[in-house]
Amino acid sequence: MKFGGSSVASAERIKNVADRVKGNGKGHQVVVVCSAMGDVTDELLALCADASKGMEKPVEERLASIRETHLAALTATVSDKAVRRQVLGMLNVTLSQLEKLARGSTVLGELTPRSKDAILACGERLSNPIVMGALIERGMDAVYMTGGEAGIMTDDRFGDATPLMEVTKFQVKEKLAPLLAEGKTPVVTGYIGATQRGDITTLGRGGSDFTGTTIAAAIDADEVWIWSDVDGLMTADPRIVPDARVLREISYEEAGEMAVFGAKALHPRTLEPVAEKGIPVRFRNTFKPEDPGSLVKKNPRLYAKNVVKAVALVKEVAVITVAGASMVGKPGSAARIFEVMGRIGINVLMISQSVSESNISMVVARSSMEKGANALELALLGQGGYRHILTEDDVSAIAIVGGAMRTTMGVASTAFGAISAKRINIKMIASGSSNQNLSLIVAEKDAKDTVRAIHSAFKLDKLNSR
Ligand code: ASP
Ligand code: MG
């Protein structure tokens with residue numbers, strides 16, 4: 001069971017988590033993985049920024065507030081004195097390490113990626129012991145450990161580390177299987193691992209989901225339950241489409257397409273470890289213990305007639321177009337463009353080039369548009385072939401997702417028909433050959449209407465009501 005930041009955001013919620021583990025976990029052996037409380041990771045990031053600028057006062061204020069938040073949460077969560085003392089001991093170790101790290105970097109006015117990860121990891125190292133305490137108080141034999149202690153070994157790309165899967169699976173199983181066999185409930189920090197040398201690493205924002213599925217693959221879990229404060233994966237964002245429906249079943253590939261496009265902000269690699277083994281993943285609402293949520297599995301049958309299952313909106317994107325008639329018929333022109341983007345570390349979300357080859361458009365996060373366009377100008381303009389570089393930042397991306405799109409005709413025409421009926425112009429289209437995702441770019445002001453038009457064109461509001 002994995003619980004996200006909002007599920008452990010307060011003492012009240014942590015108690016609810018413990019009830020879910022105890023109640024819904026009855027009859028199962030459970031491993032618990034939790035994120036940092038609420039937006040503590042964001043606070044730690046802000047702390048890192050202040051420390052690396054040598055800003056002593058804000059650093060001290062943030063440290064005090066983080067200490068205060070967790071000590072108050074502990075007091076309000078755990079009433080048994082002995083248990084509280086045990087957890088307090090753990091929190092104090094982490095808090096004093098955090099303070100040393102933060103003060104050290106403040107003095108230096110510098111923060112290495114390695115120290116930054118050690119700081120970011122403190123969020124999970126503070127929330128999970130409290131959860132452990134709540135479980136012990138409910139009579140469970142819970143044991144706390146960090147991801148590294150549980151056996152998650154990663155490469156040393158601090159900030160976005162990847163587990164070395166084979167070693168990790170072996171170590172995690174060695175470590176956790178005996179505990180489970182003894183009836184214990186391991187409580188493992190999400191988001192963090194350790195390098196071979198023992199340095200703490202983080203798996204990238206939202207990485208606790210990935211921790212959960214990695215552990216599941218290692219111990220051959222029957223299911224992974226990802227608990228949050230939403231009902232499951234949905235046909236659309238309910239804030240945009242009020243009659244969006246919960247998808248009761250969906251494939252790994254479809255869920256993966258939704259994840260990439262942030263329908264629910266899933267860590268992009270979440271499903272890798274479990275898809276391989278066919279371990280089902282269930283998304284559930286912590287406040288609705290009876291609700292089964294959404295099940296991600298192999299070959300779902302439930303919506304066999306629904307070609308399209310979800311439509312997602314990706315905000316804060318921008319289009320960069322490289323144009324020039326003499327790119328035509330010149331092998332290597334695309335490679336040079338993407339080499340530039342790769343070199344400066346910009347992730348390209350979507351690509352399109354018409355067969356005339358006279359321009360190549362790509363979609364990037366809006367925050368990296370300027371940097372990308374500048375780098376492309378420096379690298380390409382003035383060299384034969386590339387004429388100009390255009391940018392558009394008032395756009396949104398829309399992803400239409402569905403496994404059966406591969407084998408069904410007419411999806412594009414239905415979608416485009418619905419969009420043109422709203423008199424909305426489509427600026428760019430891309431569809432990979434896996435064909436489970438058709439992506440569009442429209443003007444930002446039209447984005448929500450586009451999502452609604454597609455949602456109703458594919459009758460997604462009627463899902464589950466047959
Ligand atoms: N606490 C980390 C984050 O906010 C990891 C997670 O929540 O999954 O990104
Ligand atoms: Mg979080």
Side-chain angles (χ1 to χ4, degrees), residues 1-10 13-14 16-17 20 31-49 62 65-66 69-70 73 91 94-95 98 101 113 116-132 144-148 150 152 154 157-163 187-194 200-216 224-230 233 255-256 258-260 262-274 281-286 296 316 347 365 367:
M1 295 192 191
K2 179 263 172 179
F3 296 90
S6 66
S7 303
V8 293
S10 66
R13 292 188 177 204
I14 294 175
N16 182 49
V17 162
R20 294 290 69 75
V31 177
V32 178
V33 172
C34 297
S35 297
M37 289 180 72
D39 46 18
V40 165
T41 306
D42 292 322
E43 286 170 32
L44 290 168
L45 270 171
L47 173 78
C48 287
R62 291 190 194 280
S65 127
I66 289 169
T69 305
H70 291 90
L91 298 192
T94 300
L95 286 167
L98 171 63
L101 279 161
K116 186 173 177 184
D117 265 9
I119 290 180
L120 293 180
C122 290
E124 272 69 9
R125 292 177 58 201
L126 292 167
S127 61
N128 282 273
I130 306 178
V131 173
M132 178 205 72
Y144 161 78
M145 67 195 82
T146 63
I152 298 178
T154 71
R157 279 191 55 198
F158 294 102
D160 194 17
T162 301
V187 178
V188 187
T189 58
Y191 183 48
I192 64 191
I200 291 185
T201 50
T202 64
L203 309 178
R205 292 309 303 270
S208 303
D209 294 323
F210 193 27
T211 304
T213 52
T214 299
I215 292 177
V224 182
W225 293 354
I226 296 186
W227 294 93
S228 69
D229 54 2
V230 296
L233 298 173
M258 290 169 71
V260 171
K264 174 191 176 293
L266 259 194
H267 186 287
R269 294 198 302 255
T270 301
L271 297 168
E272 273 171 33
V274 280
V281 181
R282 206 179 270 285
F283 291 86
R284 308 186 61 169
N285 188 333
T286 19
V296 179
E316 298 297 315
N347 187 32
S367 55

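Order of appearance sets the numbers: ligands from 1, and atoms from 1 within every ligand. This chain uses plain numbering: 1 for the first residue, then up along the sequence.
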*N128 side chain vs Y144 backbone, donor-acceptor pair below 3.5 Å*: no
*Looking just at side-chain N and O atoms, do T201 and D117 make a donor-acceptor pair shorter than 3.5 Å?*
no
*Quick one: which ligand 1 atoms are inside 4.0 Å of a heavy atom on T41?*
1 (N), 2 (C), 3 (C), 4 (O)
*Closest heavy-atom pair and its distance - R125, L91*: O-CD2, 4.4 Å
_Tell me whether K2 has any N or O atom under 3.5 angstrom from an N or O of ligand 1._
no
*asked:* Could you measure the distance from the CD1 atom of I119 to the OG1 atom of T41? Nearest 0.5 Å is fine.
replied: 12.5 Å
_CZ/R282: more than 12 non-hydrogen atoms of other groups inside 6.0 Å_ = yes
*asked:* Can you tell me if G207 contacts ligand 1 (heavy atom of the residue under 4.0 Å from the ligand)?
replied: yes
*For ligand 1, find out whether one of its N or O atoms is nearer than 3.5 Å to an N or O atom of G206.*
yes
_Below the 3.5 angstrom mark, is there an N/O of E124, backbone or side chain, next to an N/O of ligand 1?_
yes
_For R205, atoms of ligand 1 separated by under 4.0 Å from a heavy atom_ = 3 (C), 4 (O), 9 (O)
